[in-house]
Amino acid sequence: MNKIIVNEKISCIEASDHPLSADVGIIRENDAAWLYDVGNGENPISELKEGCNVVLSHFHADHIGNIGRLRPKELYLSKETYGHLPKEMAADGGIHIVTEPVSIGNLYIFPLPSSHAKGSLGLEIDGTYAFVGDALYCKAKNDRYVYNAQLLKEEIDVLNSLRSPFLLVSHFKGLVRKKEDVLEELKTIYAMREKDCPEILIGK
């Protein structure tokens, strides 16, 4: 289990393949501990079982598989992710369905349109770094990569509105990407759209 140190406030437990587990962001904000995603399998949360506030990026198991092992103080997630929680899931301070951006001190939780999964959420810290989970990725279909053109345009707009110059991308080696590089790539893909076609197909 490797840990990536981003700065004095932000660190991350690195993603793994066996079991498949996403990166788990750890944020120390004043006297509170926050997690962005909780990973899957015992190792990612072995040291994180004290009460934390949790933001879930989306509902895929490698990001939320451990949620039933935790008792968060506060839990923030989308309605789509809520539908994948264990039935007995509870949070001491409550479960919060995020439909609009939420500011909590220096943290900013925001809906992030994505071709990868409905109901994706991002988490910006201090206007410097923003966790985006898997939201930059698309779907696979018949050996091709597929973006929803409308969602991609909306995603570009949301990312462009963030103050952060850096994005923290799950399953990306090293975790950190420059926002300007990401936006350039996404805009290049968006420019490939065809008139009256809702999907952008990449590959064969």
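Excluded from the calculations below are hydrogen atoms, water molecules and symmetry mates; all remaining heavy atoms, backbone and side chain alike, are included.
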Are any side-chain N or O atoms of Asn66 and backbone N or O atoms of Val38, one a donor and one an acceptor, separated by less than 3.5 Å? yes
Any link between Leu70 and Leu77 through a network of hydrophobic side chains (Ile, Leu, Val, Met, Phe, Trp, Tyr) touching at under 4.5 Å? yes
Trace of the side-chain contact (heavy atoms from CB on, under 4.5 Å) decision for Ile64 with His84: CA-CA 9 Å; Ile64 72 167; His84 289 78; 4.0 Å; yes
Salt bridge (Lys or Arg N to Asp or Glu O under 4.0 Å) involving Glu74 - partner list, sequence neighbours excluded: none
Using modelled atom types only, decide if a donor and an acceptor are shared between the side chain of Ser164 and the backbone of Thr128 within a distance under 3.5 Å. yes
To check you understand the geometry: which heavy-atom pair defines the closest contact between Pro111 and Pro101, and what is its length? CD-N, 3.8 Å
Would you give the length of the straight line joining atom OG1 of Thr81 to atom CG of Asp37, rounded to the nearest 0.5 angstrom? 9.0 Å
Given 3.5 Å as the limit, does a donor-acceptor pair link the side chain of Ser170 with the main chain of Gly133, or not? no
Can you give me the closest heavy-atom contact between Pro165 and Gly127, atom names plus distance? CD-O, 3.9 Å
Asp23 and His171 side chains, donor-acceptor separation under 3.5 Å: no
Verify side-chain contact (heavy atoms from CB on, under 4.5 Å) between Leu175 and Val6, making sure each step is shown before the conclusion. CA-CA 9 Å; Leu175 187 67; Val6 178; 4.1 Å; yes
Taking the basic N atoms (NZ, or NE/NH1/NH2) and the acidic carboxylate oxygens, is any pair closer than 4.0 Å for Lys9 and Glu29? yes
Should the pair His116 and Tyr137 be assigned to parallel (<30°), tilted (30 to 60°) or perpendicular (>60°) ring geometry? perpendicular
Could you tell me which non-hydrogen atom of Pro19 sits nearest to which non-hydrogen atom of Gly41, and how far apart they are? CG-CA, 4.1 Å
Contact between Leu168 and Val132 at the side-chain level, heavy atoms closer than 4.5 Å - yes or no? no
Stepwise side chain to side chain donor-acceptor pair (under 3.5 Å) test for Asn148 and Ser115: CA-CA 6 Å; Asn148 178 291; Ser115 299; 5.5 Å; no
Arg177 to Phe166 six-membered ring, cation-pi geometry met (6.0 Å, 45°): no
Should Val169 and Leu159 be regarded as members of a common hydrophobic cluster, given that ILVMFWY residues are connected when their side-chain heavy atoms come within less than 4.5 Å of each other, either directly or indirectly? yes
Residues that Arg163 engages under side-chain hydrogen bond (donor to acceptor under 3.5 Å, both in side chains), provided they are two or more places apart: none
When rounded to the nearest 0.5 Å, the distance separating OG of Ser57 from CG of Asp62 is 8.0 Å
Tightest non-hydrogen contact, residues Leu85 and Leu75, listed as CD1-CD2, 4.0 Å
State, to 0.1 Å, how close Leu112 and Gly122 come at their nearest heavy-atom pair, and which atoms those are. CB-N, 4.4 Å
Euclidean distance, Leu56 CG relative to Glu80 CD, rounded to 0.5 Å: 12.5 Å
Looking at Lys118 and Phe59, what are the two nearest heavy atoms and their distance? O-CE2, 3.5 Å
If you draw a 6.0 Å radius around NZ in Lys179, do more than 12 non-hydrogen atoms from other residues or ligands fall strictly inside? yes
Is any side-chain heavy atom of Ser16 closer than 4.5 Å to one of Ser21? yes
For side-chain contact (heavy atoms from CB on, under 4.5 Å), just list the numbers for Ile5 and Lys3, CA-CA rounded to whole Å, side-chain angles, deciding distance to a tenth of an Å, and then say yes or no. CA-CA 6 Å; Ile5 305 299; Lys3 183 176 283 190; 3.9 Å; yes
Do Leu136 and Ile200 sit in one hydrophobic cluster, given that two such residues count as connected whenever their side-chain heavy atoms are within less than 4.5 Å of each other, even indirectly? yes
In Å and rounded to the nearest 0.5 Å, what is the OH to CD1 distance from Tyr36 to Ile109? 10.0 Å
In the structure I gave you, are the side-chain heavy atoms of Ser103 and Glu124 within less than 4.5 Å of one another anywhere? no
Residues Glu199, Arg193: salt bridge by 4.0 Å N-O rule: no
Just to verify, what does Tyr82 make a ring pair (Phe, Tyr, Trp, His ring centres under 6.0 Å) with, not counting sequence neighbours? none
Indicate yes or no: at least one non-hydrogen side-chain atom of Ile26 is less than 4.5 angstrom from one of Ile10. no
Considering only heavy atoms from C-beta outward, does the side chain of Leu167 approach that of Val176 to under 4.5 Å? no
Rounded to the nearest 0.5 Å, how far apart are CD1 of Ile13 and CG of Asn2? 10.5 Å
Find out if a path of hydrophobic residues (ILVMFWY) with successive side-chain heavy-atom gaps under 4.5 Å connects Tyr76 to Met89. no
In the structure I gave you, are the side-chain heavy atoms of Ile27 and Leu123 within less than 4.5 Å of one another anywhere? yes
Output field: ring centroids Phe131/Trp34 closer than 6.0 Å: no
Approximate separation, where rounding is to 0.5 Å, of Arg71 CZ and Asp92 CG: 4.5 Å
Thr188 side chain to Glu184 main-chain N or O, any donor-acceptor pair under 3.5 Å? yes
Residues, nucleotides or ligands: over 12 heavy atoms within 6.0 Å of Phe172 CZ: yes
Can you list the steps and then say if Asn106 with Asn30 is a side-chain contact (heavy atoms from CB on, under 4.5 Å)? CA-CA 10 Å; Asn106 294 313; Asn30 297 322; 5.6 Å; no
Whether His60 and His58 hold their rings parallel, tilted or perpendicular, with breakpoints at 30° and 60°: perpendicular
Measure the shortest side-chain to side-chain distance between Val158 and Pro113 over non-hydrogen atoms and say whether it is less than 4.5 angstrom. yes
Hydrophobic clusters here meaning ILVMFWY residues chained together by side-chain heavy-atom distances under 4.5 Å, can you tell me if Leu121 and Ile156 are in one? no
Looking at side-chain heavy atoms only, is the closest gap between Asn53 and Leu35 below 4.5 Å? no
Quick one: do Phe110 and Tyr108 satisfy ring pair (Phe, Tyr, Trp, His ring centres under 6.0 Å)? Show the steps, please. CA-CA 6 Å; Phe110 57 95; Tyr108 178 70; 5.6 Å; yes
